[in-house]
A.B. asks: 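Before I ask anything, here is the structure I am working with.
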There are 2 protein chains.
Amino acid sequence: MAGQVRTMATGGRAAGWKSVYDVLSKDILSLTLAPGELLDEMSLSRRFGFSRSPIREALIRLAGDGLVVTLPNRTTIVTPVDIVQFPKYVDALDIAQRVNTRLAAELRTEADLKAIAEAQVDFVAAIGSGDHLAMSGTNKAFHMAIARAGRNSYMMNFYERLLDEGRRILHLHFDYIERTRDGRLLTDEHEDMIDAIRARDVERADRLAHMHTRQFRDNFLDFLRMNYASSVDLGTPRS
Amino acid sequence: MAGQVRTMATGGRAAGWKSVYDVLSKDILSLTLAPGELLDEMSLSRRFGFSRSPIREALIRLAGDGLVVTLPNRTTIVTPVDIVQFPKYVDALDIAQRVNTRLAAELRTEADLKAIAEAQVDFVAAIGSGDHLAMSGTNKAFHMAIARAGRNSYMMNFYERLLDEGRRILHLHFDYIERTRDGRLLTDEHEDMIDAIRARDVERADRLAHMHTRQFRDNFLDFLRMNYASSVDLGTPRS
DNA sequence: TGTCGATCAATTGTCGACAATAGGTCGACA
DNA sequence: TGTCGACCTATTGTCGACAATTGATCGACA
């Protein structure tokens, strides 16, 4: 490490583990730390300039969030993105997205609408900036604002966890989305959802949420279907 | 503390935090450790006979599970049972129960059915034993066997977290249930669910799951409605 | 060449000490 | 009597050291 990152955290105690947690969380969500990558305490201790205790505490908290995997006497790893589980992920996201968006259409206040609209403005700005981490972060913030309007913390927490996994999946194929979608990234769908919530149209909100999940799924499947490699003629295999 | 509980854990390292985690987890779920109760590291260190590090690690893991609340520089507390949120909890449990039970009816194998049936046998035995912790534990295990048959780990994890909270709520009113239900505790409903899953009757499984949630809700609301106090005549308030 | 046991180094889990924090108590003052 | 500041104590957060674990390497042997 060329230099230590000894973050001067604002606020008092717990500045150790929290600063480590925040940085690692961001790095994992943005795929700066790749799925499966090793996170050993000694390296992190040298990198952040804290002793191993706050490092360990940050890692345990990240494990609680599902972002890393810790096993006894083993080096912690960044949680792998399990593509085989993608269909299960999509099914769960669909449920969470539909329930939270329905609840928002049912229970929203004027203040909620304002917050959702502001989150969408931030999202559109992030799209313009080209900053992938900001894009995935403001997308999540938009959906969290909707979930907040739905007023069920259990459903919201479930949704948040799924959205975080979705952020990592998004980062796997941002380049692809930008090339094939003129960088649009589903902004129209967000606007439609806002309209349905404003109109208290629960069924429409549900349908839009469902379509939103399907779009996300189809984007990723298209990405997986893509063949990046140059055409290489290996000849016809002999049987 | 009259004597130390220095548990001789099987297996190697991580025996420190894990044994603390297991004991505290059980105590919290059974309400032996009451909601809101303080868990200070020094006392736990003396109680379990470990230094504070594994205690802290266990507490951070318990916080990740939602069983305790840790804040910087504050003594950790057992997560309160928030009765105001009970309706939100029931709505979320309803979704999770229905989705997992539907999926089980759709995707179950013969091995799944066997596992579910065995879990129900354990549950019935626990009812007979009168051991509240075993009753709530085997009830959870029954529903987890169903969720396993549904094959969506995201929905299963969500359900598990809700069932754990439900265990604590169950422990709040076990005596009441036993007095008013002849200790039956919904065993017939479990059998009906097994039948629907065996028959791959997805819609019936869904309905039964929904009724199961409603029954749980109604039991608890009846319990809250009960007046335990002896009748005390304070006279008619003067306006 | 493959297998096994011994050794070593780098990690992880825990220990106890030190420093920082927060709440309670006490005395002074208005 | 209520408020404020100083002091004290018991906690929490972090430190660095020690012991345990694990994987890699090496040498011996068949």
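Chain naming here is simple, since letters A, B, ... match the order of the sequence lines and numbering starts at 1 in each. What you see is a predicted model, and the numbers here were worked out from it, not measured in a lab.
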A.B. asks: May I have the distance from B/Leu39 (atom CG) to D/dA10 (atom C1'), rounded to whole angstrom?
C.D. replies: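 Between C1' of D/dA10 and CG of B/Leu39: 17 Å.
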A.B. asks: For the pair B/Asn100 (side chain) and B/Ala96 (backbone), establish whether a donor and an acceptor sit closer than 3.5 Å, ignoring hydrogens and angles.
C.D. replies: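 It does hold such a pair.
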A.B. asks: Parallel, tilted or perpendicular: which one describes the rings of B/His173 and B/Tyr176, with boundaries at 30° and 60°?
C.D. replies: parallel
A.B. asks: Salt bridge between A/Arg148 and A/Asp112, side-chain N to carboxylate O under 4.0 Å?
C.D. replies: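 Judged by the 4.0 Å cut-off on N to carboxylate O distance, A/Arg148 and A/Asp112 do not form a salt bridge.
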A.B. asks: Could you state the atom-to-atom distance from CD1 of B/Ile55 to C1' of C/dC15 in whole Å?
C.D. replies: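 It works out to 12 Å between those atoms.
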A.B. asks: D/dT11 P sits how many Å from B/Leu44 CG, rounded?
C.D. replies: 11 Å
A.B. asks: If you compare every side-chain N and O of B/Arg56 against the phosphate oxygens of D/dT14 (OP1, OP2), does one of them come in below 4.0 Å?
C.D. replies: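 For D/dT14, OP1/OP2 do not have a side-chain N/O of B/Arg56 under 4.0 Å.
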A.B. asks: Rounding to a whole Å, what distance do you find between A/Glu41:CD and D/dT22:P?
C.D. replies: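 My rounded result for the distance is 15 Å.
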A.B. asks: Which nucleotide wins on minimum distance to the side chain of B/Asp40, given the candidates D/dT12, C/dT12, D/dT14?
C.D. replies: D/dT12
A.B. asks: So, is A/Ser51 close to the D/dC15 phosphate, meaning a side-chain N or O under 4.0 Å from OP1 or OP2?
C.D. replies: yes
A.B. asks: In this structure, how many angstroms lie between the C1' atom of D/dG13 and the CD atom of B/Glu57, rounded?
C.D. replies: 13 Å
A.B. asks: From CZ of B/Phe48 over to P of C/dG13, roughly how many Å is that when rounded to an integer?
C.D. replies: 19 Å
A.B. asks: May I ask you to say whether B/Arg168 pairs ionically with B/Asp164, meaning some side-chain N is under 4.0 Å from a carboxylate O?
C.D. replies: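 No, this pair does not count.
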A.B. asks: Salt bridge between A/Asp27 and A/Arg47, side-chain N to carboxylate O under 4.0 Å?
C.D. replies: yes
A.B. asks: Which nucleotide sits closest to the side chain of B/Met42: D/dG13, D/dG23, D/dT12?
C.D. replies: D/dT12
A.B. asks: When you get a sec, tell me which of D/dT12, C/dG13, D/dT14 is the closest nucleotide to the side chain of B/Asn73?
C.D. replies: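 Shortest atom-to-atom distance from the side chain points to D/dT12.
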A.B. asks: Across all strands, who's sitting opposite C/dA30 as a Watson-Crick or G-U wobble pair, both distances under 3.5 Å?
C.D. replies: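 D/dT1 - that is the nucleotide pairing with C/dA30, both distances being under 3.5 Å.
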A.B. asks: Nearest whole angstrom, please: distance from the P of C/dT12 to the CD1 of A/Ile77.
C.D. replies: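 So the two atoms are 13 Å apart, to the nearest Å.
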A.B. asks: Could you please name the option among C/dT11, D/dG13, C/dC15 that lies closest to any side-chain atom of A/Thr75?
C.D. replies: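 From the listed options, C/dT11 comes nearest.
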A.B. asks: Would you kindly check whether a donor in the side chain of B/Arg74 faces an acceptor in the base of C/dG23, or vice versa, at under 3.5 angstrom?
C.D. replies: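 Answer is no: no donor-acceptor pair is held.
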A.B. asks: Rounded to the Å, how far apart are B/Trp17 CH2 and C/dT12 C1'?
C.D. replies: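 Rounding to the nearest Å, CH2 of B/Trp17 and C1' of C/dT12 are 13 Å apart.
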